[in-house]
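Remarks on the structure that follows.
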Amino acid sequence: KDKVRYAGVPFADTYLKALPLLKKHAPGLKTASAGHLHPDEFKSLDLDVFSQGLSQGKGNRVFTPAFLKDVAARRARGKVTTFYVCMFPLKPNLLIANTLAEARWLGLYAAAAGFDGLLRWSVHMWGRDPLYDVSAEPYCGFEPGDRVLVYPGPRMSVRMEALRDSIEDFEKVRVLKEQGAFTEKMAQALSAIDHRSVVKDSADVTAAKVAAAADALNE
């Protein structure tokens with residue numbers, strides 16, 4: 001347990017003791033966490049809901065076949081496993097600088113990798129004047145648009161619209177598989193939606209892969 005870490009920092013001893021305490025005295029309460037954990041560390045927590053950070057560093061190294069296989073095993077036990085993006089990775093993401101194809105990529109990847117969904121850390125963490133300024137101020141370190149997908153009004157951003165399309169893609173895959181209508185053509189198109197290649201692909205290549213997967217599902 002002492003080796004369990006979050007973002008390079010060991011979990012506090014009190015946190016590790018809290019999980020078995022909850023399971024013993026409040027078994028009806030579910031436990032959830034988001035983190036960047038090695039699959040072995042992640043399994044030891046046995047959380048009801050876990051979201052693995054998709055990053056260009058350690059997060060990519062833990063998205064192993066063994067980890068993805070454990071996602072299905074957890075689902076069979078009634079557990080939920082997702083992946084998430086926040087201020088990182090810079091690609092793919094939902095920042096002002098990102099293409100809309102990257103927003104569409106997220107739901108397709110969740111379906112391709114077998115996750116139960118995806119998590120986005122912020123939707124409307126507004127600054128002083130979000131209609132005119134979506135920079136990181138006053139929260140240093142966040143890229144423009146990182147905190148804002150929905151504006152006051154409410155007003156939808158084009159990034160949020162693209163994310164909604166992405167969620168619909170994910171649901172299409174789920175329904176098609178349930179109905180036994182998920183084809184080999186769809187599987188091949190989704191296989192190109194990979195978390196390692198997307199970092200290196202140009203914007204045009206990412207857009208082409210996303211379009212091919214979306215077209216296969218729509219067809």
Side chains of Val198 and Val205: does their closest heavy-atom pair fall under 4.5 Å?
no
Please find the pair of heavy atoms, one from Ala207 and one from Ala101, that lie closest to each other, and give the distance.
CA-CB, 3.7 Å
Could you state the interatomic distance from CZ (Arg174) to CD (Glu178), rounded to the nearest 0.5 Å?
4.5 Å
I'd like to check the ring pair (Phe, Tyr, Trp, His ring centres under 6.0 Å) partners of Phe182; sequence neighbours left out, ordered by chain and number.
none
Ser122/Arg147 under side chain to side chain donor-acceptor pair (under 3.5 Å): CA gap, chis, key distance, verdict
CA-CA 5 Å; Ser122 178; Arg147 301 174 296 129; over 6 Å; no
Roughly how far, to the nearest 0.5 Å, is the CG atom of Asn98 from the CD atom of Glu143?
9.0 Å
If you measure from CG on Leu217 to CG on Leu190, what distance do you get to the nearest 0.5 Å?
5.5 Å
Any side-chain heavy-atom pair from His195 and Tyr109 closer than 4.5 angstrom?
yes
Would you confirm whether Thr82, through its side chain, and Gly117, through its main-chain N or O, come within 3.5 Å as a donor-acceptor pair?
no
Just do the side-chain contact (heavy atoms from CB on, under 4.5 Å) check on Leu47 and Lys79 with the steps written out, would you?
CA-CA 8 Å; Leu47 296 158; Lys79 311 288 187 179; over 6 Å; no
Tell me, do Arg128 and Asp133 make a side-chain contact under 4.5 Å, heavy atoms counted?
no
Lys/Arg-Asp/Glu bridge criterion (N-O < 4.0 Å) met for Asp146, Arg120
yes
For the OG atom of Ser166 and the CG atom of Leu118, what is their distance to the nearest 0.5 Å?
6.0 Å
Spell out, as yes or no, whether a donor-acceptor pair under 3.5 Å connects the side chain of Asp194 to the backbone of Ser197.
yes
Flag side-chain contact, heavy atom, 4.5 Å: Phe67 against Gln52
yes
Mind running side-chain contact (heavy atoms from CB on, under 4.5 Å) on Leu95 and Phe142 for me, showing each step along the way?
CA-CA 10 Å; Leu95 311 173; Phe142 297 107; over 6 Å; no
Is the side chain of Asp116 donor-acceptor paired with the backbone N or O of Thr81 at a distance under 3.5 Å, no angle test?
yes
Below 30° counts as parallel, above 60° as perpendicular, anything between as tilted: where do the rings of Phe83 and Trp105 land?
perpendicular
Using a side-chain heavy atom cutoff under 4.5 Å and only I, L, V, M, F, W and Y, what cluster partners does Val158 have?
Leu100
Cluster check Phe50, Leu22: I/L/V/M/F/W/Y, side chain < 4.5 angstrom:
no
Hey, does the side chain of Trp126 reach the backbone of Val150 with a donor-acceptor pair shorter than 3.5 angstrom?
yes
Any chance you could lay out the side-chain contact (heavy atoms from CB on, under 4.5 Å) test for Lys185 and Asp215, step after step, and finish with the verdict?
CA-CA 10 Å; Lys185 181 179 179 180; Asp215 288 346; over 6 Å; no
Considering residues, nucleotides and ligands other than Lys69, do more than 12 of their heavy atoms fall under 6.0 Å from its NZ?
no
Heavy-atom check, side chain of His124 versus side chain of Val148, under 4.5 Å:
no
Tell me the closest heavy-atom pair linking Tyr151 and Ser157, and the distance in Å.
CE1-CB, 3.5 Å
Has Lys172 got a side-chain atom pairing as donor or acceptor with Ala214's backbone, closer than 3.5 angstrom?
no
Take atom CD of Glu219 as the centre, draw a 6.0 Å sphere, and report whether it contains more than 12 heavy atoms from other residues, nucleotides or ligands.
no
Test salt bridge (Lys or Arg N to Asp or Glu O under 4.0 Å) on Asp201 and Lys209 and set out the steps.
CA-CA 10 Å; Asp201 288 343; Lys209 289 181 177 180; 2.8 Å; yes
Distance, nearest 0.5 Å, that separates CG of Asp204 from OG1 of Thr99
9.5 Å
Arg74 side chain to Val71 main-chain N or O, any donor-acceptor pair under 3.5 Å?
no
Side-chain heavy atoms under 4.5 angstrom apart, residues restricted to Ile, Leu, Val, Met, Phe, Trp, Tyr: same cluster for Val123 and Phe170?
no
Under 3.5 Å, side chain of Asp48 to main-chain N/O of Thr31, donor-acceptor pair present?
yes
Hey, could you give me the CE/CD1 distance between Met160 and Ile167, rounded to the nearest 0.5 Å?
6.0 Å
So which atom in Ala213 and which in Ala189 form the shortest heavy-atom distance, rounded to 0.1 Å?
CA-CB, 3.7 Å
Arg159 side-chain N/O to Asn93 backbone N/O, donor-acceptor pair under 3.5 Å:
no
Kindly determine whether Lys91 and Val199 satisfy side-chain contact (heavy atoms from CB on, under 4.5 Å), including the steps that lead there.
CA-CA 6 Å; Lys91 180 185 179 182; Val199 178; 5.8 Å; no
Tell me whether Val173 shares a hydrophobic cluster with Leu68, the cluster being built from Ile, Leu, Val, Met, Phe, Trp, Tyr side chains joined at under 4.5 Å.
yes
Are Phe88 and Trp121 an aromatic pair by the rule of ring centers under 6.0 Å?
no
